[in-house]
There are 2 protein chains.
Amino acid sequence: MAGLTAPLLGLEKKSLREQALSALRTAITSGELEPGRHLVETELSEMLQISRGTLREALRQLEQEGLLSAGPRGRLSVRHLDGKEIRDIYAVRAALESLAARTLCELPDRQHVTKSLHKAIDAMEDATTGTLEERIESDLEFHRTLCRLTGNETLLHSWESLEGSIRMSIMFAGLEKGVSNMSVDRHKDIMAAIDTGDAALARQTILEHMDTAAANLVA
Amino acid sequence: MAGLTAPLLGLEKKSLREQALSALRTAITSGELEPGRHLVETELSEMLQISRGTLREALRQLEQEGLLSAGPRGRLSVRHLDGKEIRDIYAVRAALESLAARTLCELPDRQHVTKSLHKAIDAMEDATTGTLEERIESDLEFHRTLCRLTGNETLLHSWESLEGSIRMSIMFAGLEKGVSNMSVDRHKDIMAAIDTGDAALARQTILEHMDTAAANLVA
DNA sequence: CATAAGTCGACTGTTTACAGTCGGTAATGG
DNA sequence: CCATTACCGACTGTAAACAGTCGACTTATG
């Protein structure tokens, strides 16, 4: 009765591996670990206060997420993205999200969908006065919600696997440029298209949104 | 001068982790490790003759590829796919491959593309008299080539991340059903559409191919 | 002085050992 | 006979130690 450490609500304590994963992801996508930087396992494990074995499990995952690139002899470094890679990432992102939009349009009852998307847009509006990071966060949350609402776990998972790369793309372009095209109106258009169930329009709106976003980033 | 073990041609010796990864992937997608089966680290490490630490790194990757699912206490088991999940996987696959087709159609010079695809189709024809596994392999190789030829590394990587799930889908349906719709003609249609540069047609052909494939699998 | 052999240091690959936790089962008390 | 507690076995989480390899720097040698 006295203990009550915290795990009350779904807030399960995360394993060290997961903590390290989050910490590293944040460090990379925030630029704290700059692109091209060599990662030394012993250094990181000491910084994070975890053992190398545990750390390596996290590194493998980051590697597969495309945040790290492997050098000659297992040497890992923070991945560097050039303009083409950013465009490529956004092309895949566009394909995934347009599938999401199409799927949502085909749902018989889109009431709940519209409601959730509206909530996400409200969050974006709240964030317009916040920090750059908060604006990016709310923007990504909208798109993640788009994928989640489809109920297609594979789609959501694929998108989330890309999320790290997306964040890096934004960071590469400089945060200011990255958020410059995160207009709330754009997202309202997407929601509206889905609301009407016009799959072709929704798809087109998404593709255009992604195109301009990618173009802004590499410009 | 006497040694000359083997690493002469790009055939670098793979790390134990990679070997374990391949072995486990094969074991799972071949059904040797049946769906739902609980994986015990100590058992596997003994089977594969590697340490648990090394094994765990491989398991993390398989988990992220969607071949394993994590239970309550970090317990891993071979993922079980139901009809909906197979359809979901193929929906994502279709989105990725239709992006590939569209990208290829937009290339200024598709000569090399057509040549490579033709080679892949020839391999499929050669395999028609081979084992089921060989036919599946050549089929997947065609689609993988489709993605690779785009030059979009992210697209290729996303597709390959899905490949394990695709193989599982085919296995779930029973190998016979899985290959029943791998007609060479279908793939020739795809190639032809790309050859003419008709993006809309190529996209449509891919989507239909995926739709019928998924429908066959869950039927 | 240039080149080849040798030595040192830094990292990754891999293994072994230890700790914590959950589930079941047997012992115990009413 | 039922419930409760104490223990035991099985696994995963985590840490620490061992081994091999590559590169850089140094030293010997013609």
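Letters go in sequence order (proteins before strands), and every chain restarts at 1.
Straight-line distance from the CD atom of B/Gln49 to the P atom of C/dG13: 21 Å, rounded to whole Å. Distance B/His38 NE2 to D/dC11 C1': 11 Å, rounded to the nearest Å. Whole-Å rounding puts the B/Glu41 CD to C/dC18 P distance at 18 Å. One can place CD of B/Gln19 at 14 Å from P of C/dG13, the figure rounded to the nearest angstrom. Separating the CG atom of B/Leu55 from the C1' atom of D/dC11 is a distance of 13 Å, rounded to the nearest angstrom. Atom CG of A/Leu76 is separated from atom P of C/dT12 by 7 Å (rounded to the nearest Å). Remark: C1' of D/dA16 and CD of A/Glu46 are 14 Å apart, rounded to the nearest angstrom. Taking atom CG on A/Leu21 and atom P on D/dT14, their separation rounds to 13 Å, with Å as the unit.
Of the candidates C/dC11, D/dT14, C/dT21, C/dT21 carries the atom nearest the B/Arg73 side chain, counting heavy atoms from C-beta on. Of all nucleotides listed (D/dC22, D/dA15, C/dT14), D/dA15 comes nearest to the side chain of A/Leu16. Of the candidate nucleotides C/dT15, D/dA17, D/dT14, D/dT14 has the atom lying nearest to any side-chain atom of B/Arg52.
The environment of B/Glu32 atom CD is sparse: at most 12 non-hydrogen atoms of other residues, nucleotides or ligands sit within 6.0 angstrom.
Under the 4.0 Å criterion applied to side-chain N and carboxylate O atoms, A/Lys84 and A/Asp88 are assigned as salt-bridge partners. Comment: A/Glu57 does not engage A/Arg60 in a salt bridge, judged by the lack of any side-chain N to carboxylate O separation of less than 4.0 angstrom.
Residue A/Thr54 has a polar side-chain atom (N or O) positioned under 4.0 Å from OP1 or OP2 of D/dA15. One finds a side-chain N or O of A/Ser51 lying less than 4.0 angstrom from the OP1 or OP2 phosphate oxygen of D/dA15. Between A/Arg56 and C/dG13 there is a side-chain polar atom (N or O) within less than 4.0 angstrom of OP1 or OP2. The shortest distance between the side-chain N/O atoms of B/Arg60 and the OP1/OP2 oxygens of D/dG13 is below 4.0 Å.
A/Leu39 comes within contact range of the sugar-phosphate backbone alone, with a heavy-atom separation under 4.0 Å but no base atom that close. Within the nucleic acid shown, B/Arg17 comes within 4.0 Å of sugar-phosphate atoms alone, with no base atom in reach, counting heavy atoms only. Counting non-hydrogen atoms under 4.0 angstrom, A/Gly53 reaches nothing in the nucleic acid. Within 4.0 Å (heavy atoms only), A/Leu59 reaches no atom of the nucleic acid at all. Among the heavy atoms of the strands lying under 4.0 Å from B/Arg75 are primed sugar atoms or P, OP1, OP2 only; no base atom is included.
Between the side chain of B/Arg79 and the backbone N or O of B/Gly66, at least one donor-acceptor pair lies under 3.5 Å.
Nearest heavy atoms, B/Ala100 versus B/Leu146: CB-O, 4.0 Å.
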